*Asks:* 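First, the structure itself, so that you have it in front of you.
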4 protein chains.
Amino acid sequence: MERSAENSKERILSAAEEVFAARGIDGARVDEIANQANINKRMLYHYFQSKEELYIAVLRANFEKVLAISSRPFNGTGNLKEQVATAIGNYFYFLAQNPHFARLMTWEALQGGVHARKVLPAIWEEGLERLKAILEQGMSQGVFRPDLDLRQLLTSINALCSYYFINKDILSTLWDIDPVQPDVLEKRLKHIRDLVLNYITRP
Amino acid sequence: MERSAENSKERILSAAEEVFAARGIDGARVDEIANQANINKRMLYHYFQSKEELYIAVLRANFEKVLAISSRPFNGTGNLKEQVATAIGNYFYFLAQNPHFARLMTWEALQGGVHARKVLPAIWEEGLERLKAILEQGMSQGVFRPDLDLRQLLTSINALCSYYFINKDILSTLWDIDPVQPDVLEKRLKHIRDLVLNYITRP
Amino acid sequence: MERSAENSKERILSAAEEVFAARGIDGARVDEIANQANINKRMLYHYFQSKEELYIAVLRANFEKVLAISSRPFNGTGNLKEQVATAIGNYFYFLAQNPHFARLMTWEALQGGVHARKVLPAIWEEGLERLKAILEQGMSQGVFRPDLDLRQLLTSINALCSYYFINKDILSTLWDIDPVQPDVLEKRLKHIRDLVLNYITRP
Amino acid sequence: MERSAENSKERILSAAEEVFAARGIDGARVDEIANQANINKRMLYHYFQSKEELYIAVLRANFEKVLAISSRPFNGTGNLKEQVATAIGNYFYFLAQNPHFARLMTWEALQGGVHARKVLPAIWEEGLERLKAILEQGMSQGVFRPDLDLRQLLTSINALCSYYFINKDILSTLWDIDPVQPDVLEKRLKHIRDLVLNYITRP
DNA sequence: GATGAATGAGAATTCATTCAT
DNA sequence: GATGAATGAATTCTCATTCAT
């Protein structure tokens, strides 16, 4: 990892994300972040006013990451059912590949979203904005059941995906397999898709 | 301000549950617990060896609560579908009426279950043990689809229920209504039941 | 051990002696003393005003023990040389059989004798009072060298005896034998007697 | 009030030695050490993990001091008897000039050497290593009595020297003179030398 | 005499933050 | 930009002592 002056801020943010995701804001130690970023603690305070500011910066960066994902050209093809399946898969694998994201969101949720609120109030559902559009389209076209409550449904999809990653360690113990192994991931995704697609297509 | 000896420990446990559920083990302050329990901090250390021990005691008490629920006479009647609906409802309302439970479990989950592991390793699924039995029965009787993966399904039910309460504050902002109001709760439960029942009954 | 009311005070004193000898006044815990005495902590404060008072009471009791020894009929027979040997032996075995004594005296010594001073200022040499008398007799009779400095000599005898017991644990490690085993004790005593008698009898 | 970085650790160690020697590990207060070192308590924990670690560091430093003494060029001249006298004098004056040393060793001894053991197990006799060599030489040359038990003898010399300094305060009261005044010191040393030399040279 | 719970003052340890260079 | 030492305010934990019964 390069150590030129310019990327100091990046290194701090990245280390902070790691530590905050792992331990939450109260469990995180500024020292650990500085060590992991390979910078002097004083530099950390040069770039960020306080531990809390740094935490918020991490949240902001993560929100931007989802936004980027959710606004990038959609690779869903075929009919609307297939597009739902694709959108769910995209989200699921985004969470799998960005393990810090769901953890950060959950620490935040447990704290009532006090910090996240300072960044972007309505971000919570952003990652599923595309999916929402597809579902709305499907409802109006009669492909999906007309009585879908999108709030409930999007909440459920979020739950079905996030919960899995949040509880990874515990599931790992309970099931005695690694929940984030490729084939195990795929199995989980299939289950979520079945559950959701079955529901939205049957009146 | 009663001060009888026997309930001091209870008061401490109860205050600790409140504070740990609200802030997690790292965010909790022993002083706050002592104040809320209306005891001298010293007494807290008389009954519990350390903050961590107290936290574990809280976890243990909560585990026992679920166990008590899941092992009490089941009020499910009627056919297996109805029984599943009842079991989900029982669990959902248990979470609604014991708001600390899901929060404690989630703080724990985020920390990899390090403390919970010291109490009871396999407790995680305990609250849904009854439901599991019903589902197994339904599968063998051909009432439910035969290819149910119970691990996945129970995880999903847990997710659908817990996530809602964990994200209560955020949903409250997003939706601009109180998610734990009786009728809103009932709506959420209906959605979960639909999702699950639809899935398990269609091959 | 009997637990009738009357001997509570005795039990406390005895436990306190044990604990104070083992850990010193600062290392001792009132709780440990109470537990070991099998009484309620409150009783301890019934009999003794404070931890310090209790400690002083222990010192006093120990001083009385030496006084009793040093004033009891002397079993020294034969000539003065033999009497010196006997007196040294008596003192040495007193220390061996009352392991708390030398330890208490040494904790006190390290603390400048602040507490002991409150009990009996001149007690320090009491245990060797008899020996002093014999030595004086021997000097005037010309049996011992006439230039003996009794202060120095008594201090030395005290040192030669006490030091051994105080450093018991360390000698045990260094020598890899138990320093208070009967034959090892006897060897030490012989050495001390040789050293002293050789000195006092040669001009 | 200089504040250069390098000597902070030294100042802490030096203050700690002072306080630990004066009050023992249980009687010592971290606050007092910090004050005396003129640093913030926090720095103390920056350099040393805990009070116990600091105490062990003090022991280590003191052990190194004796080692340095005992391994420096010996200024003993003349015949073996004179060399013994010199070696005893060196040790005696080392203790006189390093009053913390004997005190630290004695606090340790009373606690069974639990902490010292972590530093250097066999250090206890180190300060008299040189003397031991001379005595061995003298025995084989027939200058000293052939039946010397060096363990006993070295223990005795240690006792005769250390005990004096450990009991300084009490002797001061008993004798009504200052035991560490130069001429009083010299008198004590003379006595010890007489005692020992008389013993080792007479069969 | 006896008990167990309770307490306030204090002691060790930790942490985010800032100063001097 | 960068550094390492320094700090004050908490925070956890401990202890001798006392109260209510």
Side-chain angles (χ1 to χ4, degrees), chain A residues 3-6 8-9 25-34 38-55, chain B residues 3-9 12 25-34 37-54, chain C residues 3-6 8-9 25-34 38-55, chain D residues 3-9 12 25-34 37-54:
Chain A
R3 275 164 103 270
S4 72
E6 309 87 60
S8 277
K9 195 172 177 179
I25 188 170
D26 289 317
R29 295 290 158 255
V30 172
D31 275 285
E32 191 185 0
I33 294 172
N38 240 288
I39 49 105
N40 186 277
K41 229 190 320 183
R42 190 63 191 78
M43 275 331 282
L44 190 152
Y45 283 95
H46 176 72
Y47 288 114
F48 302 94
Q49 300 187 3
S50 67
K51 185 186 181 184
E52 195 188 2
E53 284 303 311
L54 177 54
Y55 177 71
Chain B
R3 280 291 167 81
S4 78
E6 312 87 59
N7 67 3
S8 274
K9 198 173 175 177
I12 296 170
I25 188 171
D26 288 317
R29 294 292 160 254
V30 171
D31 275 294
E32 190 185 359
I33 295 173
N38 238 286
I39 48 114
N40 184 283
K41 215 189 337 182
R42 185 62 191 81
M43 275 329 273
L44 192 153
Y45 284 96
H46 175 71
Y47 289 115
F48 302 94
Q49 299 190 4
S50 65
K51 183 184 178 183
E52 195 188 1
E53 282 303 311
L54 177 54
Chain C
R3 274 163 105 273
S4 71
E6 308 86 61
S8 277
K9 195 172 177 178
I25 188 170
D26 288 318
R29 295 290 159 257
V30 172
D31 275 285
E32 192 185 358
I33 294 171
N38 240 289
I39 47 106
N40 186 277
K41 228 189 322 181
R42 190 64 191 78
M43 274 332 281
L44 191 152
Y45 283 95
H46 176 72
Y47 288 113
F48 303 94
Q49 300 188 3
S50 67
K51 185 186 181 182
E52 196 188 1
E53 284 302 312
L54 177 54
Y55 176 70
Chain D
R3 281 291 167 79
S4 78
E6 313 85 62
N7 67 4
S8 274
K9 199 174 174 176
I12 296 170
I25 189 172
D26 288 318
R29 293 291 159 256
V30 171
D31 275 291
E32 190 185 359
I33 295 172
N38 238 286
I39 48 114
N40 185 283
K41 215 187 339 178
R42 186 64 191 80
M43 276 328 274
L44 192 153
Y45 284 95
H46 176 72
Y47 289 115
F48 303 94
Q49 300 190 4
S50 65
K51 183 183 178 183
E52 195 189 0
E53 283 302 311
L54 177 54

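For clarity, every value in this text was computed on a predicted model and none was experimentally measured. Reminder, nothing fancy here: chain letters follow the sequence lines and each chain counts from 1.
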*Asks:* For the residue pair A/Ser50 and A/Tyr45, what are the closest heavy atoms and their distance?
*Replies:* CA-CE2, 4.0 Å
*Asks:* Working to the nearest 0.5 angstrom, can you tell me the gap between B/Asn7 CG and B/Ile39 CD1?
*Replies:* 11.5 Å
*Asks:* Starting at atom CD of D/Glu52, determine the distance to atom P of E/dA11, rounded to an integer number of angstrom.
*Replies:* 19 Å
*Asks:* Does a side-chain N or O from D/His46 land closer than 4.0 Å to OP1 or OP2 of F/dA6, or not?
*Replies:* no
*Asks:* Under the 3.5 angstrom rule, does the side chain of C/Lys9 hit a backbone N or O of C/Phe48 as a donor-acceptor pair?
*Replies:* no
*Asks:* Could you give the CZ-to-P distance, from B/Phe48 to F/dT12, as a whole number of Å?
*Replies:* 16 Å
*Asks:* Is the phosphate of E/dA2 approached by C/Tyr47 (side-chain N or O, under 4.0 Å from OP1 or OP2)?
*Replies:* yes
*Asks:* Please report the distance separating the C1' of E/dG1 from the corresponding atom of F/dA20, rounded so that it comes out in whole Å.
*Replies:* 16 Å
*Asks:* Over how many whole Å does the gap from B/Asp26 atom CG to F/dT12 atom P extend?
*Replies:* 10 Å
*Asks:* If each of D/Ser50 and A/Val30 is mapped to the nucleotide of DNA chain E with the nearest heavy atom, which maps nearer the 5' terminus, i.e. the 5' end?
*Replies:* D/Ser50
*Asks:* Would you classify C/Ala34 as touching base, sugar-phosphate or nothing, given that sugar-phosphate means primed atoms plus P, OP1 and OP2, and contacts are heavy atoms under 4.0 Å?
*Replies:* nothing
*Asks:* Nearest to the side chain of B/Asn40, which nucleotide is it out of E/dT17, E/dT7, F/dT3?
*Replies:* E/dT7
*Asks:* Between B/Lys51 (NZ) and E/dA12 (C1'), how many Å, whole number?
*Replies:* 16 Å
*Asks:* Using OP1 and OP2 only, check whether a side-chain N or O of A/Arg29 sits under 4.0 Å from E/dT14.
*Replies:* no
*Asks:* For the side chain of A/Tyr45, counting heavy atoms from C-beta on, which of E/dA16, E/dA2, F/dA16 is nearest?
*Replies:* E/dA16
*Asks:* Please classify the nucleic acid contact of C/Arg42 as base, sugar-phosphate, or nothing, using heavy-atom distances under 4.0 Å.
*Replies:* base
*Asks:* To the nearest angstrom, how far is B/Ile39 atom CD1 from E/dT7 atom P?
*Replies:* 8 Å
*Asks:* Hey, which of these two, D/Met43 or C/Asp31, hits DNA chain F nearer its 5' end, going by closest nucleotide?
*Replies:* D/Met43
*Asks:* What nucleotide, of F/dA6, E/dA16, F/dG1, holds the atom closest to the side chain of D/Ser8?
*Replies:* F/dA6
*Asks:* Starting at CG of A/Asp31, measure out to NZ of A/Lys41 and round the result to the nearest 0.5 Å.
*Replies:* 3.5 Å
*Asks:* Taking Watson-Crick and G-U wobble pairs with both distances under 3.5 Å, convert DNA chain F into its dot-bracket string, 5' to 3', dots for unpaired and | for cross-strand pairs.
*Replies:* .||||||||||||||||||||
*Asks:* For a quick test of reading the model, state the closest non-hydrogen atom pair linking D/Leu44 to D/Ile12 and the distance between them.
*Replies:* CA-CD1, 3.9 Å
*Asks:* Between D/Asp26 and C/Gly27, which heavy-atom pair has the shortest distance, and what is it?
*Replies:* OD2-CA, 3.3 Å
*Asks:* Please give, in whole Å, the distance from E/dA16 P to A/Ile33 CD1?
*Replies:* 8 Å
*Asks:* To the nearest 0.5 angstrom, please state how far the CD1 atom of D/Ile33 sits from the NZ atom of D/Lys51.
*Replies:* 7.5 Å
*Asks:* With distance as the sole criterion, do the side chain of C/Lys41 and the base of F/dT17 form a donor-acceptor contact below 3.5 Å?
*Replies:* yes
*Asks:* Rounded to whole angstroms, how far apart are NZ on D/Lys9 and P on F/dA6?
*Replies:* 13 Å
*Asks:* So for atom CD, which belongs to A/Gln49, do other residues, nucleotides or ligands contribute more than 12 heavy atoms lying within a distance under 6.0 Å?
*Replies:* no
*Asks:* If I take atom CG in residue D/Leu44 and atom P in nucleotide F/dG8, what distance separates them, rounded to the nearest angstrom?
*Replies:* 15 Å
